[in-house]
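Worksheet: the structure to be examined is printed underneath.
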Amino acid sequence: MSKKVLVLPGDGIGPEIVEQAVRVLDAVNSSFDLGIEHESALVGGSAYDETGSPLPETTLTKAKAADAILLGAVGGPKWDGLDMSVRPEKGLLGLRSNLELFANLRPAILYPQLAEASSLKPEIVAGLDILIVRELTGGIYFGQPRGIRTLENGEREGFNTYVYNESEIRRIARSAFEAARQRNKRVCSIDKSNVLEVTVLWKEIMEEVSKEYPDVELSHMLVDNAAMQLVRAPKQFDVMVTGNMFGDILSDAAAMLTGSIGMLPSASLNAEGRGMYEPCHGSAPDIAGKGVANPLATILSVAMMLRYSLDAKDAADAIEAAVSKVLDQGLRTADIASQGSETVSTSQMGDAVLAALKA
Ligand code: NAD
């Protein structure tokens, strides 16, 4: 049976980088005989311009029917003055909530060839390959009650609720263990169980779910220590799983270890493993239309899509190997250029990955 991919180029550099990623998808689709069909739709500012909505009904219907979604990026100064309800970002949030994409997978991979780009010493980060699994639709960002109230003495008080129920913890735990099975089979669960009851329960459920995955090793770490370990010795981790707020902070710190935003893919998955795949960066309006954007994060998002939603691990491995080969050849887009490297355009980088795939 054919598998359906919905392609959402979006705004800014989105269409340029997605074009290259789709060329790579087409190449592995035919060489690995994957039977993937894809079609495109509008999202974000470009969708607003055409239809008056950043997430048109037709796009949402196609997204619900797809096995996976490949997104470029949304947003830009052109739409900054719009009302919040129709801002391009609403298109993205609408997709996440309508498809219940609760598991956000953000790898922090540092190709050894780019070790100089990191703010940490090359020997600490060269070859870094960790995956942060962040719960995306619960926790303190969504807990009720929340607000700012005025107390009897006239002083104002802000409050939020940090809450997770067992089923929310169980499903993100399973996402982490499943992801670890595709990697080095180690999960480190991050909590603050010395202070917060909600994470005492988190830890307990992690232990319970780990019994379903005897082939995966589970460990626990307090979030403050995890932040320290991420910058002290990040290569000790394989998969880190944590709640929405801790994951928000730790995944940004981990991304910066690699020093190159144009290289980082991401996935947001639902309970059935269907998901949306996109680069971690935004629509880069400052370089849009110039043909200089780095397409590798989007190309690597295709590899994640093949691995996690389309059951095509070999094709995913082939794309990642091709990217590594291109970096070995010294080819760099401007954002990752260094002394002695050859600076190439967006489409030349796409050409190089395709050539490496065929070689
Ligand atoms: P950004 O990630 O778009 O850009 C930050 C810097 O990184 C810029 O200098 C940009 O040129 C550079 N950069 C980003 N991606 C690159 C690539 N592939 N190749 C080379 N250089 C690259 O972040 P920003 O400037 O804060 O935001 C711009 C717009 O993107 C805003 O409208 C924002 O809301 C939106 N945004 C969208 C998403 C998304 O769609 N998921 C995520 C973040 C920001």
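Both counts, for ligands and for their atoms, begin at 1 and track the order of listing.
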- If you measure from the Lys or Arg side-chain nitrogens to the Asp or Glu carboxylate oxygens, is any gap between Glu278 and Arg96 under 4.0 Å? yes
- Do any pairs count as a salt bridge (charged side-chain N to carboxylate O under 4.0 Å, His left out) and have a residue in residues 217-244, sequence neighbours left out, and if so which ones? Arg183-Asp238, Lys192-Asp224
- Message: Between Glu37 and Lys4 (salt bridge meaning N to carboxylate O under 4.0 Å), is one present in this structure?
- Response: no
- Item | Side-chain donor or acceptor of Thr258 paired with backbone N/O of Leu110 under 3.5 Å | no
Return a table of N or O atom pairs, ligand 1 on one side and protein on the other, at distances under 3.5 Å, rounded to 0.1 Å.
residue, atom, partner, partner atom, Å
ligand 1, 2 (O), Gly282, N, 2.7
ligand 1, 3 (O), Gly282, N, 3.4
ligand 1, 3 (O), Ser283, N, 3.3
ligand 1, 3 (O), Ala284, N, 2.8
ligand 1, 9 (O), Asp286, OD2, 3.0
ligand 1, 11 (O), Asp286, OD1, 2.9
ligand 1, 11 (O), Asp286, OD2, 3.0
ligand 1, 15 (N), His281, ND1, 3.3
ligand 1, 18 (N), His281, NE2, 3.1
ligand 1, 18 (N), Asn294, O, 3.0
ligand 1, 19 (N), Asn294, N, 2.9
ligand 1, 30 (O), Ser283, N, 3.1
ligand 1, 30 (O), Ser283, OG, 3.1
ligand 1, 32 (O), Gly76, N, 3.0
ligand 1, 34 (O), Glu89, OE2, 2.8
ligand 1, 40 (O), Val74, N, 2.9
ligand 1, 41 (N), Glu278, OE1, 3.1

- Query: Does Thr242 offer a backbone N or O that forms a donor-acceptor pair with the side chain of Asp191 under 3.5 Å?
  - Reply: no
- Task: Using a strict 4.0 Å threshold on nitrogen-to-oxygen distance, state whether Lys3 and Asp311 make a salt bridge.
- Result: no
